[in-house]
Structures are given as structure tokens and as C-alpha cells.
Amino acid sequence: MRLPLAALCLFALTAYAVDAGHVLRGYTPEDSATEVSWEQKFRALPDRDQIRENMRRLSARPHHVGSPYDKDNAEWLLAQLKSYGLDAQIETFSALFPTPKSRQLELLGPDPFTAKLQEPPVSGDPTSSQTSEQLPTYNAYSRDGDVTAPLVYVNYGRPEDYEVLDRMGISVKGAIVIARYGMSWRGIKPKVAAEHGAVGCIIYSDPREDGYFQGDTYPLGPTRPPDGVQRGSVMDMPIYPGDPQTPGVGAVPGVKLIPLDEVKTITKIPVLPISYADATPFLKALGGEVVPEAWRGGLPLTYHAGPSVAKVHLAVSFNWDRKPLYDVIARIPGAKYPDQWVIRGNHHDAWVNGAEDPLSGTSPELEEARSLSTLLKQGWKPERTIIYCFWDGEEPALLGSTEWAETHAAELKEHAVAYFNSDGNGRGYFRAEGSHSLENFVNDVARDIQDPETKMSVWKRVRLVDISRATPQARAEIRSRADLRLPALGSGSDYTVFIDHLGIASVNLGYGGEDAGGQYHSIYDDFYWYTHFQDTDFSYERALAQTAGTMVMRMADADMLPFQFSDQADTVHLYVTQLKTLAAEKRDEAKERNLEISEGVYRALYDPKKQMVPPPVEPVPPYLDFAPLEQASDDLTDAAKAFDAAFTAADGVAPTGLNPDLIRSERLLTDDRGLPNRPWFQHLLYAPGFYTGYGVKTIPGVREAIEQKQWAEAGEQITRAAAAIEREAGLLKQATNLLPAKTTD
Ligand SMILES: [Zn+2]
């Protein structure tokens, strides 16, 4: 996913350059000078050829969960880490991981067609022909099913797409839907289709977003060829990720398993992903009205909504086996605070060969670990414990990270300072998202990393790129704010359990935006493709190792943990304003729609040649009382301002108890009752959307209650979110009291 950093800013306090006089935030001047020198030594170490070699080795064969090469890679990673002199081990878990037994998709009727459901080898690309080891094209955690029904096109398959179909008088009840990939996480598509009564779901890659419309197709260029298919999970992960049979607890030997038929996260209807070559005859078979312009894709045909006259037959069945997971974990013990843990992770499993996803993140991560071990040999001793994790089973359902973190939940809640994640990397601009208390920290590190192409700092480059793309208002914000805004984390990679379940401050980072990508979860995402069309000289692979490694070191060595809360308070204030606006918009929308219905607008639009169903009259939403959230937001702003000033004045001399308080700061934003209908998600500021999947919902309890018109729920959630923000403000007041009183002059 591309993660644009929108920007804005706050304080003139923030320092920029890496020059000699610059003192790192949270460090004494002396310790800062030492740290800067170690960091500079570190950044000279990652080697592009070594990263390339890591990728070549790890991508040499398909390595999905349960495959021989997945285990082989884990053992190789372990051997590498040990050869660097690090204390490393493999932690093994197990998880439900279905693989296809049979897949069938046919168009019946006068022009029958059977979908190929296969990605052919490409000549010149050596690993594309490893057919016997490749997972077939499928969506994991689709239920078994055999259905025959007419077909309806549902655009991206989001809730709002069904509202458009409702206005067109088209129902999907009893139908198979065909949705295009994009705009929402794929697992949302069958979930919403089933809620509307569909009996099956086909998901295809439309060339408008993912194919020839974007550039030349593989092997001529980088984009998805006609037979390319996006595999992927369709588990209902907004309920909980990880092993479906062990929610909330680690899947270790002897754990009690929920019976398969009681698992809530498996889809309600059968699902299958297909290529645009396979999709074309199905789309051509659709009758009914021509769809709205925004629904049309890039295929050379007229897009109709359906239903089709000819029926479609979809049949899938799976082996519902549990498979082993191999997480590779290396520890560098902290010299001064061994009980404070800085954690770094990237997954190692792939859908097939996975050069880009995940190895363009895994390969630099391994090189980071090698570089840090070199520093250790030169005498560097990190103050805190550093843990490097290479996760298994990310692709199916964030399995390896979730089971590890659930197993170690109690220790992690006590000891974890922060988690730094990456997952796939490419040429282009620095991008990061994460906890707002780390916004200033992430900005400061990015200011110290050199962009391989322009030689300016990666921070400066992304800031200027953002300015070039922003609206006039956003441009003014970027120019007036010292730090670039750090967008909130949704889901889609291994940080999820750390931030959303355990309340550990987290950052996801990487580079990208200059290459088209285009082989996501396909057999063609391999070493040949990556080295021909992506970061071909591995310079952004090195930049990722330099950036993530610097973050780990700077967090591990700080005298005072460099959290900063004025950025957090500013963003919380923004969220509260957004929620008030959202509630007002919902009220205005309902009033306007009801008025139009009574005025006869829909009668006036009546066209006897088209079906049109007017929307129903709806009750106008009540006013919500946002006062508790506004009060909490103001209290946080005041507490953050006082804390940040006292923090700066302390010059890196940490009073006893300060760092443990800072470690707790993210935990206080969680509530162990969790979010409505999904108790696993415990963070009250961020969660992946129940109906977006990857996309974040901020202050999710309140925002989703408003979106789903649950007004009483919205009121309750305002109280809970406000209480969490007040807890944060209370902690900051307490921490401020630990610091010497600030003298103002
Ligand atoms: Zn990935």
C-alpha cells in the first residue's frame, strides 16, 4: 500500500540538521554525540550486494506457510543471525491454514466458458515455472461451497456500492457477485456481499487499476499480465487476526481450539480470485443497465450491472489443515535497561516467491541485524534490549506475529517500548505511519537519512513531493508545521497485534512511489521481476535498512525515551473536530434527502426506460454530546505542552520512573473491553475499519457508530474514548511532576 505522508506542523523547537551542534531529543549532549557517531558508523554498513543476495536466496523457491522452503528459509535466517554472533532461536506455533482441494468456475448457458484459474510460466523468468511448489490461485479462509446462480457486478463491493445498486433496483439476493479488487481490503468484499444475501463472490483484477492501463504488462513491463491473479486472505480480520481457532491466546501445543464450525472469521460464502482474462467472458455476460461511469474499468467492453441471464457455477473446497509457523527471533540484550524492549519485525513468508512482498523488507532487515552485530563487535552496547523478528504466516492472517505476541502478551505489556515494522519496499519516497506520540521521533530520524537519488534528506524529499501534490490549504499546513504528519495505522501487516491488541507504540515504514509495482501476490512477484523493474540497484533497500536500523538504535539508546505528545494532542484535536463534522454531515444529509423525497425530486427523475428506486425516508440523527471528548482533548493539549517543555528542559537527564511512564503511555489508550463487537481490538484511537479492512478508523468506536447510525452506541463510545484520553493526560501530568520544574526566563 502507498502511504502518503500529509503534513503540517507545530513547534519551532524541533531541530533539523545532523550537524555537530545538534543534540538528539531525549539525550544528554554527551550521549547524543556518542549516539550520532555510532549511528553514522551504522549507516555506512548495509551493503546493497548483500541485500540482493539475501533476496535471491530467500525467493529462490515458493515459500508459503507449511511449504518446505518456508521452513528452509526460517532455518537459513536463524543460521545467518547466529553467524553474526547474535542470540537467536525459532519459536514455533501452529495455525489453521486452508489450501485448495478443488476450484471450479464456469459460465453456463449459450456461450459456455470455463475459467483457467492459472498463471502460466513466462519464458526468461526462471522461477515462474516452479509449478509443482506454487500455491494455486485462491482466497484463503473462503468457506467450501458449490453454488450456481446469476451474476451481478458490484464495483468494489463496498457498502456504498450496494446503495447504488439499491437505487438501480438491483438485488444480489441469491446471486453470485463479481467485484473488482481495490478501494477496500479484499476480505470486506465477500463479507458485505453475504450481508446483502449473495451466495458466492468472485474478485478480479481490473486492468484500470492493476494491468495494462497502468503500464506495459509483464514480461515487457512491470504490470499485471492478463492471466495474473492476486491471491490473498479473505478472513474477517477486522474481528480478529491470527489463528482463527485461538483468538486472543497463543497457538502453542495443548491450547484449546475453537471447533471449525464456530469460527467467526471464515467467510459466509465461497470466494475465488481471478485474472482479467478469466473475468472478461463473465463481465460480457452481464445484462441489465450500464453502470455509472465511476464503476467502469479498463477492459474493452461495456460494463453492465447484471443480473446475467446465463448462470455461473462456482465450486471450491479446501484442506482445512493446521500448519506449523516458524518465527525467527534474535535478541541483543540491553546493557542498562535490559527489561525495556525495542522490537523490529518484517515477515518472511510469501504467497509464492515473494521478492517484493515481503522479501524487499525482509532482506534489508536481515542486513540491519548484520550491521548492528558489526557495531557490537566494535564496542557498541545498546542501553535497551533489541529484538529482531522475522515473522511467518503474515500473508494468510498475520499469523506468526499475532500468535507470538499473544503468547508473550504479559511480558510485552510490561517491557515493550515500541515496535518498528516494514513489509515490502521499493524505489521512491519515505513513507511511514504510526503512533502519534512517535511522530516527532520518526520525523527526526527521516531528517538524518540521505535519499539515494537526490542526495537530499528523505524527509526533505517527501515534504517537497507532498507540497507539489497538496491542495493550497494542505500546502500551507505543510509549510507551517515543523513535523510532517504521521498518518495513523490501519491494518495489513504485522504491527496490528502490537498497536491494536496490546497498545504498544508502533511505526510502519518503507519507501515507494516511483515504480508501478503490479505483481502483488502473483507468481511473477519474483527475483527476476524485482531486479528488472523495481529497486534494481537495491539503493532503496539499503535506505530502508539505514532508516529502520537508526530508529531502533536511537530508541534503544535514549536516556529519556523520545516520545513527544504535542503532536499527539494536535492530532487528537483534529480527530475530535472530524467527528463533530461527520455527525453534522449525517444530520444534514438525512434532512436534505427527506426533503427531496417530500418535494417529489425522485418522481421528477423518473425515467420509464430505467429502473429507479427512491431512497427510504430516514429518521434525522440526534445531536451527540461531544463535550467529554472536547474536554479530554483540551486537557491532553495542556498536559502535552507542559510535559514536552519540561522534557526539553531536562536535557536528557531521566528521573527514575520517567521511562516506565512513557512506556505505558500507549497502553493507556486501550481498553480491555475492546471495540463494539470486536473485543480483540482494544486501542480506542486507532483500528482498521470494520468495513474498510486496511483503512484506518480513528477514534473508531465513535466514528463507526456514527457511520453505522448507532446513536446510543456513539454516545457511550464518546465517554470511553474521552476517558482514555483523560488517562493519557493524567499520565503526562504525573510524568511532568517527575521532571525538574521548568524555569522560564
Ligand atoms: Zn507482506
Side-chain angles (χ1 to χ4, degrees), residues 1-3 51 54-55 58-59 62-67 69-70 73-74 77 95 97 135 139-141 181 185-187 210 229-235 237 241-242 273 325-328 344-366 388-405 419-426 431-434 489-499 506-512 515 517-527 529-530 534-535 540-541 544 548 688 693-695:
M1 271 189 308
R2 180 90 59 80
L3 312 161
I51 299 172
N54 292 347
M55 181 187 282
L58 290 163
S59 68
H63 53 105
H64 54 272
V65 171
S67 66
Y69 206 63
D70 176 73
N73 271 347
L77 286 164
F97 178 53
L135 269 180
N139 286 131
Y141 306 100
Y181 269 118
W185 180 61
R186 76 181 80 71
D210 193 2
V229 180
Q230 181 189 139
R231 290 161 187 74
S233 175
V234 287
M235 188 203 266
M237 276 190 267
L325 302 169
Y326 304 100
D327 289 340
V328 189
R344 164 84 174 103
N346 194 109
H347 68 102
H348 69 76
D349 69 299
W351 278 113
V352 196
N353 298 75
E356 196 274 337
D357 183 6
L359 300 176
S360 62
T362 328
S363 308
E365 191 200 9
L366 184 62
Y388 265 72
C389 309
F390 298 83
W391 307 118
D392 199 354
E394 189 272 353
E395 291 298 356
L398 318 176
L399 299 170
S401 55
T402 304
E403 298 315 313
W404 185 83
Y419 174 67
F420 297 99
N421 190 75
S422 59
D423 181 352
N425 191 55
R431 55 198 167 87
E433 41 183 15
L489 286 163
S491 185
S493 194
D494 292 306
Y495 51 79
T496 307
V497 69
F498 293 95
I499 181 78
S506 299
V507 174
N508 186 41
L509 73 150
Y511 289 84
D515 291 314
Q519 303 307 337
Y520 183 55
H521 294 180
S522 156
I523 63 167
Y524 312 120
D525 175 6
D526 59 17
F527 190 67
W529 172 78
Y530 195 89
Q534 302 297 302
D535 184 23
Y540 283 90
E541 298 286 279
L544 175 61
Y694 281 156

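Atoms within a ligand are numbered from 1 in the order they appear, just like the ligands themselves. As a basis for the values below, the full set of heavy atoms in this structure was taken, side chains included, without hydrogen atoms, waters or symmetry mates.
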(Q) Could you report the tightest heavy-atom contact between S493 and S422, atom names first, then the distance? (A) OG-O, 4.5 Å
Q: Give the ring-plane orientation class for Y419 versus F498, where under 30° counts as parallel, over 60° as perpendicular and anything between as tilted.
A: parallel
Q: Please list, in chain and residue-number order, the protein N/O/S atoms closer than 2.8 Å to the Zn ion (ligand 1).
A: H347 NE2, D357 OD1, D423 OD1, D423 OD2
Q) In this structure, which one of D327, D494, D357 forms a side-chain hydrogen bond (donor to acceptor under 3.5 Å, both in side chains) with H347? A) D357
Q.
Set out, in order, the CA-CA distance, both residues' side-chain angles and the distance that settles side chain to side chain contact (heavy atoms under 4.5 Å, CB included) for D70 and D392, then state yes or no.
A. CA-CA 8 Å; D70 176 73; D392 199 354; 2.7 Å; yes
Q. Cut-off 3.5 Å, side chains only: do S59 and N353 have a donor facing an acceptor?
A. no
Q. Of all heavy-atom pairs between W529 and G518, which one has the smallest distance, and what is that distance?
A. CZ2-N, 4.1 Å
